[in-house]
Number of protein chains: 2
Amino acid sequence: MTVAGIDCVAFCRALGDATRQDILQMLQKKGELRVNDIVAAFERSSQPTISHHLKILKHEGLVNSRREGKEILYSLNAENVDECCGMLWAKFAPGKLLSIRLPKSARKARA
Amino acid sequence: MTVAGIDCVAFCRALGDATRQDILQMLQKKGELRVNDIVAAFERSSQPTISHHLKILKHEGLVNSRREGKEILYSLNAENVDECCGMLWAKFAPGKLLSIRLPKSARKARA
DNA sequence: TGAACATATTGACGAATTTCAATATGTCTA
DNA sequence: TAGACATATTGAAATTCGTCAATATGTTCA
């Protein structure tokens with residue numbers, strides 16, 4: 001099922017892993033990062049593992065990436081993350097003063 | 001990792017299944033339901049499967065249950081769901097006019 | 001008490017997920 | 001162009017997850 005064109009289940013699955021949540025939060029806090037920066041921050045995970053998680057996050061539209069020379073820079077796709085969180089809230093916890101702040105698309109989805 | 005005493009990853013894992021999202025939304029829309037009502041609504045799933053999903057949702061505090069005679073009634077734990085969604089938003093998409101509406105605990109967690 | 005009903009638990013199976021070593025791809029620079 | 005570097009992909013092993021048939025538990029009523 002999708003709300004406002006976003007797949008709620010896929011979004012939650014993408015967030016349903018500790019490493020991926022840590023990556024996202026790192027990007028949220030620090031902005032754009034090279035893959036190597038992320039790998040270095042995770043003693044517990046190998047480079048291929050991080051690469052795999054980044055691929056999943058990218059596929060769900062939660063991060064952006066761009067190449068810069070040899071390196072690839074990842075950043076949080078803040079708009080999408082925001083939209084997905086709003087959609088989740090609208091789907092499961094409407095009527096909680098939410099109308100104050102809903103993004104347009106989620107507001108429409110509730111109607 | 002936990003924010004405001006809630007395990008973000010476990011919450012997302014619980015929501016990372018289509019059947020569980022459907023159950024939650026059903027409870028959100030219709031209020032308290034007997035297990036049989038839920039089972040009846042899902043041609044695709046058996047009674048043990050629904051029971052299993054309800055157990056997971058209960059374990060994460062997303063639903064409440066009470067016995068009434070032979071039957072057991074499930075309902076959405078709206079406060080917790082709301083709090084979890086807010087926590088998610090606070091963790092990954094702060095700075096989006098969110099301060100307007102954050103629950104107390106999530107607001108504290110951002111500080 | 002025993003039969004009927006509602007729900008939970010167990011056990012097993014296939015599918016999906018996470019992980020890493022090995023390797024491939026793409027980019028820069030000497 | 002060759003070598004070094006950064007990241008992605010592949011393939012395989014271990015684990016987790018979703019599912020259901022069978023069965024257990026708990027409740028009501030005759």
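Lettering of chains follows the sequences in order, A, B, ..., and the numbering in each one begins at 1.
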- Could you please name the option among C/dA6, D/dT19, D/dG18 that lies closest to any side-chain atom of B/T19? D/dT19
- Whole angstrom is fine here: how far is it from CD1 in B/I72 over to P in D/dT28? 11 Å
- Taken to the nearest whole Å, CG/B/L57 to P/D/dG18 is 11 Å
- Item | Among D/dC17, D/dT19, C/dC20, the one nearest B/R13 by side-chain distance | D/dC17
- Comparing B/D17 and A/D37 on DNA chain D - which has the more 5′ nearest nucleotide: A/D37
- Within less than 4.0 Å of OP1 or OP2 of C/dT27, is there a side-chain N or O belonging to A/R67? yes
- What is the distance from CD1 of B/I50 to P of C/dA8, rounded to the nearest Å? 11 Å
- Item | From CA spacing to verdict: side chain to side chain donor-acceptor pair (under 3.5 Å), B/R44, B/T19 | CA-CA 9 Å; B/R44 69 170 185 261; B/T19 301; 3.3 Å; yes
- Task: Could you check B/G69 against A/T49 and say which one's nearest nucleotide on DNA chain D is further toward the 5' end?
- Result: A/T49
- Item | Sidechain-backbone polar pair: A/R20 side chain, A/L15 backbone, donor-acceptor under 3.5 Å | no
- Measure the distance from CD on B/Q47 to P on D/dT23 and round it to the nearest whole Å. 15 Å
- Counting heavy atoms from C-beta on, name the nucleotide in D/dG18, C/dT7, C/dA21 closest to the side chain of B/H53. D/dG18
- Are any non-hydrogen side-chain atoms of A/R34 and A/E68 less than 4.5 angstrom apart? no
- The answer to which of A/R20 and B/H52 contacts DNA chain C further toward the 5' end, by nearest nucleotide, is B/H52
- Message: What is the separation between atom CD1 on A/I56 and atom P on D/dA8, rounded to the nearest whole Å?
- Response: 13 Å
- When you match A/K70 and B/K55 each to their closest nucleotide on DNA chain C, which lands nearer the 5' end? B/K55
- Message: Please determine whether a side-chain nitrogen or oxygen atom of B/Y74 lies at a distance below 4.0 Å from atom OP1 or OP2 of C/dA6.
- Response: no
- Message: So, taking the atom named CG in A/L62 and the one named CD in A/Q28, what distance separates them when rounded to the nearest 0.5 Å?
- Response: 13.0 Å
- Query: Tell me: CG of A/N36 to P of D/dC5, nearest whole Å?
  - Reply: 11 Å
- Task: Taking the side chain as every heavy atom from C-beta outward, state whether A/S51 and A/V35 have any atom pair closer than 4.5 Å.
- Result: no
- Rounded to whole Å, NE2 of A/H59 lies from P of D/dT9 at a distance of 12 Å
- Note on the structure: Whole-Å distance, A/E60 CD to C/dT17 P, equals 11 Å
